Amino acid sequence: MDSDNKTLELAIQFARHNFDNHQALIRSSDAKAGVTVTIMVFLAASALQIGKDAVVKLHLHPCLVALASVLFFLTSVGLLAAVLWSFVVVFEVLRPRGARYTAPKKGCDLMWQEHVLLHENKEEYFSAVSSAAPELILRNLTDQVYELAHISKEKMQVLAKNRWVAWLGFGSWVILIGSGLILGRH
């Protein structure tokens, strides 16, 4: 029997470790989303500085100025689209998520806020947790890890899909700055 308790304790420790790892991955995804917004806002703000001087010099003659004008216009649209789409992506990463199952059972489900709030007060919740068998604690931890794995995967997939938007924004910014400088000199 002592071996079973030791095995159960090791399983609980593993689940807690896994829980912590998934939470760290989720926090990392959230931080990356925040960095994305910061970078896009910087690119847009710095492009505005060049843009306000270049807009008045947009022309279709001579050829170099016409090319710079078209590039400036197209990359301005590209940068604007990238910035706006990045906000959508960040919202998708940061949006609140919860448990996927919707019928928690009082005394059995103990982890999510909805589970905790099934109890009348903190003393009742304390009693439910203190009287929970180690197997139930392990079940709650593994259920939570499973839910966190889904959340982490969703956030990482959204961030991975956003790479092309970041490259569009950066590429647009580089060309916009270059074409803006050409326009500024003519």
Side-chain angles (χ1 to χ4, degrees), residues 1-45 79-173:
M1 207 50 139
D2 197 31
S3 174
D4 289 342
N5 286 340
K6 181 71 172 165
T7 302
L8 189 58
E9 181 59 34
L10 287 173
I12 289 173
Q13 287 176 8
F14 174 78
R16 285 185 179 145
H17 176 73
N18 205 352
F19 175 86
D20 291 340
N21 283 344
H22 279 91
Q23 287 217 326
L25 288 171
I26 289 169
R27 283 190 296 274
S28 173
S29 293
D30 292 347
K32 287 176 184 177
V35 168
T36 299
V37 166
T38 303
I39 290 170
M40 287 300 182
V41 167
F42 167 77
L43 294 177
L79 181 58
L80 178 63
V83 168
L84 294 176
W85 188 252
S86 289
F87 289 142
V88 170
V89 166
V90 168
F91 173 77
E92 188 60 30
V93 170
L94 298 179
R95 75 178 171 80
R97 292 170 174 86
R100 296 176 191 284
Y101 49 90
T102 56
K105 296 178 203 107
K106 185 176 179 180
C108 291
D109 297 314
L110 302 168
M111 292 288 284
W112 287 100
Q113 61 193 9
E114 293 86 7
H115 305 164
V116 173
L117 296 175
L118 286 174
H119 300 84
E120 303 298 318
N121 54 47
K122 63 184 180 179
E123 287 77 22
E124 188 179 307
Y125 179 68
F126 172 79
S127 295
V129 173
S130 5
S131 65
E135 291 85 3
L136 182 60
I137 298 294
L138 179 58
R139 166 54 67 190
N140 274 268
L141 278 168
T142 56
D143 287 352
Q144 182 80 356
V145 168
Y146 189 78
E147 295 297 332
L148 291 176
H150 277 289
I151 292 169
S152 179
K153 181 181 176 190
E154 288 173 6
K155 288 176 178 257
M156 287 182 180
Q157 285 175 332
V158 170
L159 286 171
K161 289 178 186 174
N162 187 49
R163 283 189 191 131
W164 72 269
V165 175
W167 282 111
L168 171 67
F170 181 72
S172 294
W173 177 78

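Please read all numbers here as calculations on a predicted model, not as lab measurements.
- Looking at V83 and L43, their side chains never come closer than 4.5 Å, going by heavy atoms from C-beta outward.
- Heavy atoms from other residues, nucleotides or ligands lying under 6.0 Å from NZ of K161 number 12 at most.
- Across K155 and S29, no two heavy atoms sit closer than the pair CB-CB, 3.8 Å.
- A15 approaches L141 most closely through the heavy-atom pair CB-CB, 3.8 Å.
- The closest side-chain heavy-atom distance from H150 to R97 is not below 4.5 Å.
- For the pair N18/H22, a side-chain contact is recorded, criterion being any heavy-atom separation below 4.5 Å from C-beta on.
- Using modelled atom types, no side-chain atom of D30 and backbone atom of L94 make a donor-acceptor pair closer than 3.5 Å.
- In terms of heavy-atom proximity, I12 sits nearest to P134 at CD1-O, 3.7 Å.
- Once rounded to the nearest 0.5 Å, the distance linking CG of L79 with CG of L84 reads 9.5 Å.
- Here the closest heavy-atom approach between residue S86 and residue N162 is recorded as OG-OD1, 4.1 Å.
- Residue I26 holds its CD1 atom at 9.5 Å from CD of E154, rounded to the nearest 0.5 Å.
- Proximity of F87 to V90: side-chain heavy atoms (C-beta onward) are nowhere separated by under 4.5 Å.
- Between L148 atom CG and D143 atom CG the span is 11.0 Å, to the nearest 0.5 Å.
- One finds no salt bridge joining R16 and D20 here, because no Lys/Arg side-chain nitrogen approaches an Asp/Glu carboxylate oxygen to under 4.0 Å.
- In H17, the NE2 atom is not crowded: 12 or fewer heavy atoms of neighbouring residues, nucleotides or ligands sit closer than 6.0 Å.
- With a 6.0 Å radius and a threshold of 12 heavy atoms from other residues, nucleotides or ligands, R95 has its CZ atom above the threshold.
- In this structure, H119 and Y125 have perpendicular ring planes: the angle between them is above 60°, well past the 30° mark.
- Shortest non-hydrogen contact noted between V93 and A33 is CG1-CB, 3.8 Å.
- Once rounded to the nearest 0.5 Å, the distance linking CZ of F126 with OG of S131 reads 9.5 Å.
- Contact check for V89 versus T36: no side-chain heavy atoms found under the 4.5 Å cut-off.
- Note that the NZ atom of K32 and the CD1 atom of I39 stand 12.0 Å from one another [nearest 0.5 Å].
- L136 contributes atom CG, which lies 5.5 Å from atom CG of L110 (distance to the nearest 0.5 angstrom).
- Residues K106 and E120 are in side-chain contact: their nearest non-hydrogen atoms beyond the backbone lie under 4.5 Å apart.
- A distance-only check finds a donor-acceptor pair linking the side chain of T142 to the backbone of L138 [under 3.5 Å].
- For the pair M40 and G169, the tightest heavy-atom approach, listed with the atom from each and the gap, is CE-CA, 4.1 Å.
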